[in-house]
Structure formats: structure tokens, C-alpha cells
Amino acid sequence: MEFRNLKIYQPDGTFRSGGLSISGDRITGTEAGSDAADMGGLYAVPGLVDLHFHGCMGYDFCDGTAEAISALASYQAQNGVAAICPATMTYPEEKLSEIAQAAAAWSAEPHEAALVGINMEGPFISEKKKGAQNAAYLHAPDAAMFRRVQEKAHGLFKLCDMAPELPGAMETIEELSGEVRISLAHTEADYDIACEAFRRGARQATHLFNAMPPFSHRAPGVIGAALDNENVTVELIADGVHIHPSVVRAVFTLCSGRVILISDSMMATGLADGEYSLGGQAVTVRGNLATLHDGTIAGSATNLMDCVRSAVRMGIPLGQAVQAASTNPARALGIEHDYGSLEAGKLANVVLLDDELNIHTILLRGRML
């Protein structure tokens with residue numbers, strides 16, 4: 001399979017004119033012969049990688065069933081997401097173990113995004129910054145508990161969120177940092193505590209600005225610490241609800257090359273407005289806005305490709321938005337050998353977009369979707 005006359009995404013966030021040749025499920029080259037299909041100058045971008053979302057199409061990852069995971073993976077693939085790392089909510093160890101076992105037993109069909117990891121968003125988080133997480137199941141940071149659940153998942157947990165100010169958190173971060181990527185989340189930490197957590201091995205900040213102290217000129221908090229630590233990536237929900245466009249532009253400038261776009265989507269994504277649930281709590285969805293009944297924002301109702309489009313409308317160059325939605329999350333998850341760019345040897349996960357960023361064609365592991 002060969003395509004020519006494409007604007008092909010490069011890992012540095014630029015585009016170059018050229019073609020793609022594909023054999024089986026792999027990209028074999030970035031040139032194509034004159035008899036290749038002429039794609040009329042479409043953008044070619046790698047399949048996206050969503051490392052933080054909860055659900056869509058009426059299903060939640062925490063349903064803990066093969067049916068739910070398949071529904072998530074199918075919807076994501078149809079929207080240009082090739083690899084998923086769905087997030088758990090704050091639940092007891094028994095429930096987390098059941099979810100982990102279901103994920104470990106699941107495998108993708110040809111039309112479904114690959115399950116490349118799990119993101120443990122709870123329960124090692126702050127009660128005061130819990131957001132839409134259920135306070136009844138909060139738990140002190142506990143390396144032994146994480147490892148028990150990780151064993152049930154057969155090693156699928158690639159991210160573990162933590163509030164570093166909690167008792168025992170620093171020691172847990174230091175102990176687990178070689179086993180899983182630690183992300184600071186749902187936290188009241190100040191700048192110094194966050195910097196110490198990064199020194200101990202944390203490498204990410206979960207949905208920057210959300211569920212953490214605000215960034216101010218005398219109290220920069222987790223946000224300032226993340227800006228100052230160049231080995232730290234920052235998640236951003238660019239859905240037009242969670243973060244003001246000015247702040248999105250500022251983060252892309254201040255954290256050049258280390259932004260990760262996430263959808264943080266919940267089960268209402270892809271469906272009509274109405275009443276849904278997240279982590280066992282009732283959620284009302286109106287357009288892009290999902291809230292608990294007390295008004296707390298409860299995830300998003302937007303998929304990752306829509307977040308890319310939203311970021312571009314906010315003034316982020318398309319190449320930088322794709323880098324943040326594919327290359328950077330692939331690196332954070334340690335799957336960059338297969339995902340995140342359109343280089344020879346990588347999986348043939350290719351999304352062709354027109355100038356309005358509408359999806360023209362999707363190739364998922366070399367197969368036309």
C-alpha cells in the first residue's frame with residue numbers, strides 16, 4: 001500500500017511533503033512511487049495516544065468488562081486514536097483489582113485501538129482536591145497496594161497519580177519511580193513539595209491547573225514546579241472548558257516539547273446531553289461541560305482528536321498539537337518504538353486529515369478502518 005502527495009508529520013512537530021509505503025501492519029518507508037495513490041496534499045499524522053480518559057459511548061473503563069473496553073477502543077479508533085491508556089477512578093483495592101484483571105485479559109480486534117496501559121488516577125490523592133473522585137475510597141500512598149494491583153494487571157499500569165504532600169508519599173514516589181511513571185495529581189502541594197517530588201522521581205503533572213493550587217506570582221505551586229523541571233511532562237485538557245485558550249497558548253510556550261494533550265473523557269462522550277455517572281457519582285452533561293450536581297467539573301465530553309482541533313483553534317500549530325497528542329504521550333508510556341510518529345518500522349497507524357482537520361482516512365495497524 002502506497003500513498004503520495006502528503007504533508008507528513010515529523011516528530012519535531014513540523015510537516016514535510018512526501019509519501020508513505022506500508023506493508024502488513026508496519027510503515028516501510030516515507031517515500032512512494034509515481035503509481036501510488038495521490039492524496040491531494042492531505043495531512044498525514046500518526047494515530048493519537050490518549051493516556052488519560054475514563055469512558056465514552058455510555059461505557060466507563062471502570063465497568064471492568066471486556067464489553068466496556070471494546071466499546072472504548074472502537075470509539076477511540078474511529079476518532080483517530082490508535083492507542084489507549086484509560087484511567088481508573090478512586091475505588092477500593094478489590095474493585096481496582098477486578099478492573100486490572102479485565103484489562104489484562106482483553107485483546108484488541110482489528111477495528112479497536114490497542115490497550116497499551118492503565119492510568120491509576122486514584123486513590124492516592126488529596127481529599128480537598130479530589131474533584132470528581134469519591135472521597136470514601138481515598139487511600140494513603142502505598143507501594144505494596146500498587147504492586148498487588150499491578151500484578152493483577154500483568155504490568156499494565158504505566159501511570160500512577162499521587163498527591164506528594166500526603167504522609168508517606170515521598171517515600172512511595174521514590175520506591176515506585178523505577179516501576180511506574182509517577183504523576184502529581186489532585187494535590188494541595190506547594191512549589192517546594194512538588195519540586196521535591198520531582199527530585200524523588202515523579203515525572204508528570206496530571207491535567208495541569210485542574211485539581212491543584214492556582215499558579216500565582218508568590219505561590220507558583222505544582223504548576224511552577226512543573227514549568228521549572230524540564231524532565232517533567234504536563235497533561236492539558238484543551239477542550240475549551242477546562243483551560244482558557246490564553247493559558248493553553250502559554251503552556252505550549254513555557255513547556256515547549258513536553259505538553260501531553262489528554263481528553264479526560266467520561267462515558268457521555270459521543271452521546272447526547274443528559275445524566276451519566278463517573279466513579280459512581282451522578283454527572284450532568286451539557287455540550288462539552290460535564291459536572292457533578294454540586295457544579296464540580298467531572299472530566300470532559302470531548303475525544304482527543306477534538307481536543308487537537310480545539311488546540312489548533314486556540315492558536316497552537318497543528319504539528320505541536322499532534323506532537324502533544326501522539327509523540328509525547330507515546331514517549332511517556334515507553335511505547336515510542338511503535339507509536340507516536342510515521343517513521344519506517346513503526347506500526348502503520350495513520351490518520352489523513354483535510355485542511356479543516358476532518359478525518360479523511362484512518363489506517364489502524366495497516367488496515368483501512
Side-chain angles (χ1 to χ4, degrees), residues 46-56 59-66 68-77 80-91 96-109 112-124 143 145-162 176-185 201-207 232-235 260-265 299 303-304 324-341 346-347 349 364-365:
L48 307 187
V49 180
D50 198 345
L51 59 66
H52 188 155
F53 78 103
H54 297 277
C56 55
Y59 291 90
D60 191 295
F61 178 63
C62 289
D63 293 344
T65 66
I69 300 172
S70 289
L72 271 55
S74 177
Y75 172 85
Q76 294 280 26
V81 178
I84 57 174
C85 179
T88 56
M89 294 289 287
T90 295
Y91 278 116
L96 292 173
S97 295
E98 292 171 0
I99 297 164
Q101 287 175 310
W106 185 86
S107 58
E109 295 292 333
E112 296 170 343
L115 180 70
V116 296
I118 307 172
N119 182 338
M120 185 183 282
E121 189 174 3
F124 309 138
M145 174 184 168
F146 170 81
R147 287 172 176 146
R148 289 192 297 271
V149 179
Q150 178 72 301
E151 184 178 4
K152 301 288 187 183
H154 296 179
L156 268 177
F157 281 97
K158 300 294 179 66
L159 288 160
C160 180
D161 288 9
M162 208 165 300
L176 291 178
S177 62
E179 303 173 27
V180 66
R181 189 174 182 87
I182 304 293
S183 187
L184 304 192
R203 289 292 175 266
Q204 198 153 303
T206 297
H207 42 50
V232 170
T233 53
V234 297
E235 298 176 9
I260 293 176
L261 286 177
I262 63 169
S263 69
D264 200 15
S265 66
N303 65 58
L304 187 57
S326 187
T327 306
N328 293 347
R331 288 173 178 162
L333 294 173
I335 58 170
E336 66 271 26
H337 57 289
D338 279 334
Y339 298 89
S341 69
K346 297 201 175 184
L347 285 171
N349 296 313
L364 186 65
R365 301 184 289 277

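Remember, predicted model here, so these are calculated numbers, not experimental data.
A distance-only check finds no donor-acceptor pair linking the side chain of Glu235 to the backbone of Thr206 [under 3.5 Å]. For the pair Asp60 (side chain) and Cys62 (backbone), a donor-acceptor distance under 3.5 Å is present.
The CD atom of Gln101 lies 10.0 Å from the CD atom of Glu151; values are rounded to the nearest 0.5 Å. Atom-to-atom distance recorded for Thr88:OG1 and Glu121:CD is 7.5 Å, nearest 0.5 angstrom. Of the inter-residue distances, the one linking Thr90 atom OG1 with Met120 atom CE reads 10.0 Å to the nearest 0.5 angstrom. Distance CG/Asp161 to NE2/His52: 6.5 Å, rounded to 0.5 Å. In this structure, CG in Asn119 is found 7.5 Å from NE2 in His54, a value given to the nearest 0.5 Å. To the nearest 0.5 angstrom, Thr65 atom OG1 is 11.5 Å from Glu98 atom CD.
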Stepwise side chain to side chain contact (heavy atoms under 4.5 Å, CB included) test for Leu159 and Leu333
CA-CA 8 Å; Leu159 288 160; Leu333 294 173; 4.2 Å; yes
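Tested against Ser97, the residues Arg148, Lys152, Met145, Gln150 include a single side chain to side chain contact (heavy atoms under 4.5 Å, CB included) partner, Lys152. Applying the side chain to side chain contact (heavy atoms under 4.5 Å, CB included) test between Leu304 and each of Asp264, Asp50, Leu51 identifies Asp50 as the sole match.
The minimum heavy-atom distance linking Ala113 with Leu364 is given by the pair N-CD2, 4.3 Å. For the residue pair Gln204 and Ala332, the shortest heavy atom distance occurs at OE1-CB, 3.8 Å. Closest approach of Val49 and Ser326 over heavy atoms only: CG2-O, 3.9 Å. What you find for Tyr339 and Ala82 is that their closest heavy atoms are CE2-O, 4.3 Å. Ala102 and Gly64 get closest at one heavy-atom pair: CB-O, 3.3 Å. Residues Ser341 and Lys346 approach most closely at OG-NZ, 2.8 Å, considering heavy atoms.
Within the 4.5 Å cutoff, side-chain heavy atoms of Pro123 are placed close to those of Leu96. Proximity of Asn349 to Asp338: side-chain heavy atoms (C-beta onward) are nowhere separated by under 4.5 Å. Side-chain atoms of Ile262 and Phe53, non-hydrogen and from C-beta on, never get closer than 4.5 Å to each other.
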Side-chain donor-acceptor distances from residues 68-75 under 3.5 Å, at least two apart:
residue : atom : partner : partner atom : Å
Ser70   : OG   : Ala66   : O            : 3.1
Ser70   : OG   : Trp106  : NE1          : 2.9
Ser70   : OG   : Glu112  : OE2          : 3.4
Ser74   : OG   : Gln78   : NE2          : 3.0
Tyr75   : OH   : Asn303  : ND2          : 3.0

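With hydrogens and angles left out, the side-chain atoms of Arg331 and Thr233 include no donor and acceptor closer than 3.5 Å.
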